[in-house]
Amino acid sequence: MAVQSRRYHYDQQRAPIYEALERFRQMRVVPFDVPGHKRGRGNPELTAFLGEKCVGVDVNSMKPLDNLCHPVSVIREAEDLAADAFGAEHAFLMVGGTTSAVQSMVLTACKQGDEIILPRNVHRSVINALVLCGAVPVYVNPEVDQRLGISLGMSRDQVQRAIREHPKAVAVLVNNPTYYGICSDLRAIVRMAHEAGMLCLADEAHGTHFYFGGGLPVSAMAAGADMAAVSMHKSGGSLTQSSFLLTGPGVHAGYVRQIINLTQTTSGSYLLMSSLDISRRNLALRGRQVFHQVADMAEYAREEINAIGGYYAFGKELINGNSIFDFDTTKLSVHTLDIGLAGIEVYDILRDEYDIQIEFGDIGNILAYLSMGDRPQELERLVSALAEIRRRYQTDGAGLLSQEYIDPDVVITPQEAFYADKESLPLRETEGRVCSEFVMCYPPGIPILAPGERITGDILDYIEYAKCKGCSMTGPEDPEINYLNVVK
């Protein structure tokens, strides 16, 4: 296999999984295995909906197609090609979304009782991993942009202080970038972590294009990070739920595979894996040109939206060299409070009245996610809709909240709180108690409350306000979020 790996290492025009599936399709094999739809024949409604070609390659692992849990042929070749394309030592195909990649990354680095340094504005998947492994979070509470109400990156001095005060921590985790496009000084953080004998992990759910675009922030592998979770289905063009986990030379790939296999399915979807294979080839061959065009479209849209008045589509002018070390110019993030509307209200109006679906709206901002499939005429439609929304709905904005981030008071570890004896109380009666579950707006999936954190009046005000404005709230056992579980 080592010879095969070297042979195909640099030929980015290949897509080994896709090629193997095409060969398999031509073989006309009689299926006495799973899945039970038998190439679609057993479920004609599904076949009519998805198409014969799609269900025809929804197949089980077998020798000609390799096995995701222990790849030795075409999946291994696809991983080698992905590693080469992303500049990593190794790449793992992930079919449980970037959530499973993030969790595998944290579980690889941390054992029970280990400390890990991370910003509190992480995706819930990071804290889920702490629930699973029993690691202890050391939060670097990010600075907040008071005008925009959003959390920023980790500043260098904050990270250095956390490392100095927690010298036994095993890793530092960084968002690269945040949902809003803000990047920390990743190279400096990697250097500080390595000097302290710690790993540096990067959640790059929203940074796939960093590996293929000129003029964009540095990617985790280029910065020397040890591991990175890369969400190919977001800006990389693969099918939803498909991602890569990348590792550097200082991480044992065999151990990472064992960790992945603790939680990832043993029935890997060949639809997802082939989409990763084909999308990696597309990015390797055309990514630089594509993302240059995406960045240009986003910059044009920023100028047009800011010319409307009332909105603020923010960009590189925010860079301060530290907590905003760089900015992802493909992100079209727009502050809406100056027209008197919460971001989630603009989000709802765009969808309900203009048939425009953007990525998310929160208390003060919206995000239109631009990638390789967007066209200038669709951006024009978005800009026109925003102008009309301002004309029709602008108010003075009295009573609007702006703060998107509230510093947590961590009382016990996420694992202790999640598995503790608990009781359910009406929302307003939980003030002062320790939460044992998650509460978040999704997207972006950054917890307002996580297990082990004290519930405060400000947090309860925020939850009630977000519910009132129409944010999609997830996490608690009670779907209406009238009750919360707290530690007894």
Chemist: Is it the case that the side chains of Ser231 and Thr98 hold a donor-acceptor pair, with the cut-off being a distance below 3.5 Å and no angle test?
Modeler: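 Yes, Ser231 and Thr98 have a side-chain donor paired with an acceptor closer than 3.5 Å.
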Chemist: Does the distance from a Lys or Arg side-chain N to an Asp or Glu carboxylate O, for Glu453 and Arg120, drop under 4.0 Å?
Modeler: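 Yes, Glu453 and Arg120 are salt-bridged.
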Chemist: For the residue pair Tyr180 and Phe314, categorise the inter-ring angle as parallel (less than 30°), tilted (30 to 60°) or perpendicular (more than 60°).
Modeler: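 Rings of Tyr180 and Phe314: tilted, as their planes differ by 30° to 60°.
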Chemist: With heavy-atom distances below 4.5 Å as the criterion, would you say the side chains of Asn176 and Asp203 are in contact?
Modeler: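 In short, these two side chains do not touch, never coming nearer than 4.5 Å.
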Chemist: State which residues pass ring pair (Phe, Tyr, Trp, His ring centres under 6.0 Å) with Phe244; sequence neighbours excluded, sorted by chain then number.
Modeler: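 If we apply the ring pair (Phe, Tyr, Trp, His ring centres under 6.0 Å) test to Phe244, skipping adjacent residues, the hits are Phe86.
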Chemist: Hey, is Arg454 close enough to Asp409 for a salt bridge, meaning N to O under 4.0 Å?
Modeler: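 Judged by the 4.0 Å cut-off on N to carboxylate O distance, Arg454 and Asp409 do form a salt bridge.
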Chemist: For residues Gln158 and Glu143, is any side-chain donor paired with an opposing acceptor at under 3.5 Å?
Modeler: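 No pair is found: no donor N or O on one side chain lies under 3.5 Å from an acceptor on the other.
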Chemist: Specify whether Phe291 and His209 have parallel, tilted or perpendicular ring planes, treating 30° as the upper limit for parallel and 60° as the lower limit for perpendicular.
Modeler: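 Phe291 vs His209 ring planes: tilted.
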Chemist: Regarding Glu115 and Lys168, does a basic nitrogen lie under 4.0 Å from an acidic carboxylate oxygen?
Modeler: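 Here Glu115 does not pair with Lys168 in a salt bridge, since their nearest N and O are not under 4.0 Å apart.
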Chemist: Centroid separation under 6.0 Å, is that true for the rings of Tyr179 and His206?
Modeler: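 When the ring centroids of His206 and Tyr179 are compared, they turn out to be within the sub-6.0 Å range.
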Chemist: Indicate whether any N or O donor in one side chain lies under 3.5 Å from an N or O acceptor in the other, for Glu423 and Asn485.
Modeler: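 Glu423 vs Asn485: no donor-acceptor pair found between side chains.
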Chemist: Do the side-chain N and O atoms of Thr456 and Asp458 include a donor-acceptor pair separated by under 3.5 angstrom?
Modeler: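 No, Asp458 and Thr456 have no side-chain donor paired with an acceptor closer than 3.5 Å.
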